[in-house]
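So the structure is just underneath, and the comments pick up after that.
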Amino acid sequence: MTSVSLPIPTVGVPLPGRGCDCNSCAFYAGPDGRGGPATVEPLCSGQNSDCRFCGCSAAEADAPANACVTRKCPIRCGSRTDIAGWMADVGGTLTFDDISVDSALPAGLPSFIPMTDGSAVTKLDASLNWPAYGVGLRRVFSPDTKTLYKRFTEQTARKALALGDHQKAVLVGYGEDPLVEAFWTRRERDRLVERIAEQEWDLVLSCNYSIYGDWPRTEHLLNMRRSLMLAQEFAEAGVNVVPNVYWFRLEDLERYVSWIEDTQPAGIAINVQTVRDNADWDSWERPGLHFLAEALPEDMPVILTGLSRANRIAEMAEIFGPRLTLISQNPHQYALHGAIMTANGREDVHARPEDAFATTVQYMASLLPSR
C-alpha cells in the first residue's frame, strides 16, 4: 500500500468562539459535558474568569481583517483574525486522538541529571564521572539568530560535551516563549527536528508551550496540542523523546492521563522551574503533580525539571518513588559563584567551581530514591 500525503485543511476546521463566546465555540463541553450549540470537540469547560484578553477589540464585528497580525498580538484566541490558520497549523483539531509518541528511554539514566552551559564537561566531571548531563535548548538553538549553533551541528552532542561512551547527553527542550515559538515556526523550513536528530542526543525532552492563567483557553488548548505534536515529530525522526505535559485545569490532566493510557509514551516530562512562589506551587502545580502520581500507570517514568528546594524534592520523591528523574541547573549556577546546595539551602563557601559542582550534584542526587 502506498501512503498518500494529504494537505493540511485550510477551510472547514472547527474554530473557537469569537470573544470567547462558549455558545459559538466548537470546543465548549457544556454544563453536562456533552457540548453546546456549536460544539464539535467538547474539550473545554468554559472561558477563564481571569483572562486579560476577553475585551479585545478584534472581537468586534467591524475589526479589520488583519487586525491581530498588524498589532503583532501573540495571543491565540477565537477573536484572532487568522485563527483558522492557527487551527490548520495544528492539523485542524485540538484533540490528542491522532498523536502518539513511539519512543524509548535510554538505559542507565540516573535519578538526577545536572544541566550545564553546553560546553565540554571535562573539568566539572573530573571527580564525578556522572552518568548523564543535560543542556537547555537555548544552548543549542540561538535566541538571537534562531538557528542551531555550529558547535552542535558539526559534531555529535556527546562530542560537543566531551562525554565518555557510557555517559548520556540530554537535550532539555525548554526555553523562554520567543525561543520555543521560533523553534515551532522554523522547524519545518530549517529541518530543525531532523538536524537535532543528527546530533545523536540520547534523550530529548520536547518543548513545552506556555499556559498562563490569564490567557484565553484557546491558547491553552493549542499549546497542549503543539507540545505533543512536537514530541511526535521527534519520535518520527528516530529520537528518544519524552513529551512535556502542561495543564491549567483538572480536565486537562484527565485528558493527558487518558492519552497516556492509550498511547503509552516512554515517560512524561514536566517543567516546574517557572513555579517559584508558594501560592502557585500550592494552588496549581503541587495538586496537579499529586493527581498525576495517583492517576498515571505505576511504571510510567516522570522527569521533572527545575525543582531546587529540598522540601519540594523530598515530597516529589515520596509520591513518585524510583520512577522520578530530576533535572536541574542549580549545581552549575551555584558553582559559578563557588556556592553549594545543602540541607540549609545555598551556602557560599568560595569553593573551586568543579568542587562546588560535584558537591551539589551529589547532594541533590542523595535526595532521590536509588534505582
Side-chain angles (χ1 to χ4, degrees), residues 96 99-115 131-134 136 168 170-174 201-209 211 224 227-228 230-232 234-235 239-248 250 252-275 280-282 284-330 364-371:
F96 301 157
I99 301 174
S100 62
V101 182
D102 299 321
S103 186
L105 284 182
L109 282 180
S111 56
F112 179 69
I113 300 174
M115 292 178 64
Y133 283 92
K168 304 294 190 294
V170 179
L171 176 59
V172 182
Y174 306 151
W201 295 90
D202 295 285
L203 179 65
V204 170
L205 309 189
S206 188
C207 297
N208 69 291
Y209 289 90
I211 294 178
M224 285 186 280
S227 295
L228 296 187
L230 189 55
Q232 178 176 257
F234 273 114
V239 176
N240 289 329
V241 63
V242 171
N244 180 86
V245 301
Y246 234 28
W247 64 88
F248 184 67
L250 176 60
D252 303 333
L253 289 164
E254 291 172 338
R255 218 163 44 109
Y256 278 126
V257 169
S258 177
W259 175 78
I260 289 166
E261 290 175 344
D262 288 344
T263 63
Q264 292 293 307
I268 63 166
I270 305 165
N271 178 18
V272 299
Q273 61 189 336
T274 59
V275 183
D280 285 342
W281 173 259
D282 289 334
W284 171 56
E285 193 81 53
R286 185 169 177 257
L289 291 167
H290 276 262
F291 176 89
L292 290 172
E294 289 291 328
L296 289 173
E298 292 183 357
D299 59 349
M300 176 62 59
V302 175
I303 302 174
L304 299 183
T305 299
L307 282 186
S308 58
R309 301 181 191 179
N311 63 323
R312 292 185 182 182
I313 294 172
E315 182 179 2
M316 293 302 104
E318 180 180 356
I319 66 173
F320 287 113
R323 60 177 166 163
L324 174 65
T325 297
L326 176 63
I327 300 180
S328 175
Q329 57 187 351
N330 262 36
M364 296 188 75
S366 75
L367 301 175
L368 298 166
S370 58
R371 290 180 176 157

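Residue numbers start at 1 and run along the sequence shown. Worth saying up front: this structure is predicted, and the values here are computed from it rather than measured. What's counted below: heavy atoms across the whole structure, side chains too, no hydrogens, waters or symmetry copies.
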The test is side-chain contact (heavy atoms from CB on, under 4.5 Å); show your working for V170 and Y133 and say whether it passes.
CA-CA 6 Å; V170 179; Y133 283 92; over 6 Å; no
[X] to [Y] - nearest heavy-atom pair and separation:
X    : Y    : answer
N330 : S308 : ND2-CB, 3.2 Å
P110 : A132 : CD-CB, 3.7 Å
E254 : F291 : CG-CZ, 3.9 Å
W259 : P265 : CZ3-CG, 4.1 Å
S328 : F112 : CB-CE1, 3.7 Å

Tell me, please, which residues at least two apart from R286 pass salt bridge (charged side-chain N to carboxylate O under 4.0 Å, His left out).
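With sequence neighbours excluded, R286 shows a salt bridge (charged side-chain N to carboxylate O under 4.0 Å, His left out) to E315, given in chain and number order.
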Please name all residues satisfying side chain to side chain contact (heavy atoms under 4.5 Å, CB included) with [X], sequence neighbours left out, ordered by chain then number.
X    : answer
S111 : L368, R371
A314 : none
P301 : L105
I270 : V245, W247, I268, V272, E285, L289, L292, V302, L304

Partner residues of F248 under the ring pair (Phe, Tyr, Trp, His ring centres under 6.0 Å) criterion, sequence neighbours left out
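For F248 the ring pair (Phe, Tyr, Trp, His ring centres under 6.0 Å) partners, ignoring immediate neighbours, are H220.
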Results of ring pair (Phe, Tyr, Trp, His ring centres under 6.0 Å) for Y256 - residues two or more places apart only:
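Counting only residues at least two positions away or on another chain, Y256 forms a ring pair (Phe, Tyr, Trp, His ring centres under 6.0 Å) with F96.
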State which residues pass side chain to side chain donor-acceptor pair (under 3.5 Å) with [X]; sequence neighbours excluded, sorted by chain then number.
X    : result
Y209 : none
R312 : N278
N240 : none

As an exercise, state the distance from [atom1] of [X] to [atom2] of [Y], rounded to the nearest 0.5 Å.
X    : Y    : atom1 : atom2 : value
I113 : L326 : CD1   : CG    : 9.0 Å
R323 : L296 : CZ    : CG    : 5.5 Å
S100 : Q264 : OG    : CD    : 12.0 Å
I260 : R255 : CD1   : CZ    : 12.0 Å
L230 : S206 : CG    : OG    : 4.0 Å
I313 : L307 : CD1   : CG    : 5.5 Å

Is there a side-chain contact (heavy atoms from CB on, under 4.5 Å) between V101 and V241? Walk through the geometry before answering.
CA-CA 8 Å; V101 182; V241 63; 3.6 Å; yes
Quick test of your reading: applying salt bridge (Lys or Arg N to Asp or Glu O under 4.0 Å), list the pairs with at least one residue in residues 297-311, sequence neighbours left out, ordered by first then second residue.
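Matches after skipping sequence neighbours: none remain.
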Does the side chain of [X] reach to within under 4.5 Å of the side chain of [Y], using non-hydrogen atoms?
X    : Y    : answer
L203 : I303 : yes
Y174 : I327 : no
T263 : I99  : no
K168 : W201 : no
S103 : F234 : no

